[in-house]
Each structure stands twice: as structure tokens, then as C-alpha cells.
Amino acid sequence: MNTLEKIKPTELPGYRKKSFSLPYNGGEIWFEHLDGIHEHEELVLIKLLSDISVFTKPSATSFICFVFDETTVTDSILNAVYEAVFGTKKIFQKIAFCGLDKASRKKFKKTFCDKGITIGFFEGLEDAKIWLLP
């Protein structure tokens with residue numbers, strides 16, 4: 001039995017990690033941390049839903065980075081991210097996605113293309129920050 005099998009899903013460091021807003025290069029970026037939750041789709045959805053009211057406030061930044069390293073991204077998670085972005089009155093200027101595998105990138109591109117929003121895909125947060133707020 002490996003270490004992750006001994007940990008309760010709600011005790012995973014990725015689930016416990018808080019999402020946050022970070023001042024950067026004269027602006028601000030919201031980092032929605034959905035990483036490190038592995039195959040626990042329900043926990044990803046719970047975490048995302050609990051943060052929506054924060055990052056969609058009118059006063060919140062319009063630059064956001066969704067972080068998915070070490071999380072299996074299902075169609076339900078993709079749909080929840082889409083609803084978080086387009087199902088509210090908040091208008092985002094740029095959205096970065098970090099840690100998606102090739103298949104997930106393709107699905108996100110197809111889902112978010114031609115929606116009037118600029119998206120980018122990155123392996124690391126530093127590249128995402130530079131792209132979001134050059």
C-alpha cells in the first residue's frame with residue numbers, strides 16, 4: 001500500500017490547499033488550486049464550487065489560473081470549470097490552465113474556443129503568471 005492509499009481523500013494536501021489571489025506585475029491573479037486531488041472528482045467539484053463565489057465577485061481580478069497538476073480531469077470537472085467561467089456575470093480577461101495532460105488540453109481548447117476569451121496552457125505557474133500579466 002502506498003502513502004496516498006493510507007490518506008483519507010479529504011486529508012490530501014491538494015484538497016486542503018487554499019486557492020488565493022496573488023499580486024503580480026502591477027495586477028492580480030486568482031489561482032484556483034485543484035491540483036493534487038488525484039482521481040477524487042467529487043472533492044475537486046466541491047472545492048471549485050466553494051471558491052466560485054470568491055473569484056467571481058465584481059471586485060475580484062479578471063485574470064485566473066486553474067491548476068490541475070496531479071488531478072484527473074474528468075468531463076464533469078471540465079463542465080464545472082466552464083460553468084464557473086461562463087455561468088456567472090463575471091467577465092474574465094485571460095484564463096490560464098496548468099498541469100493538464102494532452103487529452104485534457106484538447107478538450108478544454110474545444111470547449112473554450114470561440115467564446116471571446118483568451119486561454120493558455122502551461123506546465124508551470126511562473127510561465128502562466130508571465131503570460132497572464134506580462
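Residues: numbered from 1 along the sequence shown.
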Has I91 got more than 12 heavy atoms of other residues, nucleotides or ligands less than 6.0 Å from its CD1? no
| request: Report yes or no: do E28 and T61 form a side-chain donor-acceptor pair below 3.5 Å? | output: no
* Asked: Heavy atoms, side chains only, cut-off 4.5 Å: are H38 and T71 in contact?
  -> no
Correct closest heavy-atom pair for K47 and S50 would be O-OG, 2.8 Å
From the list I119, T56, I117, side-chain contact (heavy atoms from CB on, under 4.5 Å) partner of V85 resolves to I117
In terms of side-chain geometry, is the basic nitrogen of D51 or K18 positioned less than 4.0 Å from the acidic oxygen of its partner?
no
(Q) Test ring pair (Phe, Tyr, Trp, His ring centres under 6.0 Å) on F20 and H33; report intermediate values, then the result. (A) CA-CA 8 Å; F20 58 87; H33 279 284; 5.3 Å; yes
Hey, are the side chains of F121 and K102 touching, using non-hydrogen atoms and a 4.5 Å cut-off? no
Rounded to the nearest 0.5 angstrom, the NZ-CG distance for K106 and L100 is 14.5 Å
Rounding to 0.5 Å, atoms CZ (F108) and CG (L78) come to a distance of 4.5 Å
*Donor-acceptor pair, D69 side chain versus D35 backbone, under 3.5 Å?*
no
_Under a 3.5 Å threshold, yes or no: a donor from one side chain and an acceptor from the other, between E39 and T72?_
no
Shortest non-hydrogen pair, L132 vs A96, comes out as CD1-CB, 3.9 Å
When rounded to the nearest 0.5 Å, the distance separating CG of L133 from CG of L22 is 9.5 Å
Original post:
Is the distance between the ring centroids of W131 and F122 under 6.0 Å?
Top reply: yes
When rounded to the nearest 0.5 Å, the distance separating CH2 of W30 from CD1 of I95 is 14.5 Å
Determine whether I37 and V81 fall in the same hydrophobic cluster, where Ile, Leu, Val, Met, Phe, Trp and Tyr are linked whenever their side-chain heavy atoms lie under 4.5 Å apart. yes
(Q) Between F55 and F92, is there a side-chain heavy-atom distance shorter than 4.5 Å? (A) yes
In this structure, CD1 of I29 is separated from NZ of K94 (nearest 0.5 Å) by 9.5 Å
Using the rule that two of Ile, Leu, Val, Met, Phe, Trp, Tyr join whenever any of their side-chain heavy atoms come within less than 4.5 Å, decide whether V67 and V73 are in one cluster.
-> no
Scanning both residues in full, the closest heavy-atom pair of T111 with K115 reads O-CE, 3.4 Å
CG of N25 to CD1 of I130, rounded to nearest 0.5 Å, is 9.0 Å
Same cluster (ILVMFWY, side-chain, under 4.5 Å), Y82 and F63
no
Practice task
Using modelled atom types only, decide if a donor and an acceptor are shared between the side chain of K90 and the backbone of A60 within a distance under 3.5 Å.
Solution key: yes
- Item | Close side-chain approach of F31 and I64, heavy atoms under 4.5 Å | no
- When hydrophobic residues are tied together by side-chain contacts of less than 4.5 Å, even through go-betweens, does I52 share a cluster with L43? yes
Determine whether the aromatic ring centres of residues F112 and F86 are separated by less than 6.0 angstrom.
yes
Heavy atoms of C98 and G124 approach each other most closely as SG-O, 3.6 Å
Next on the checklist: We want to know whether S104 and D101 form a side-chain donor-acceptor pair, criterion being a heavy-atom distance below 3.5 angstrom.
Outcome noted: yes
Practice task
Could you walk me through whether E32 and L34 pass side chain to side chain contact (heavy atoms under 4.5 Å, CB included), step by step?
Solution key: CA-CA 6 Å; E32 183 58 25; L34 303 172; 3.6 Å; yes
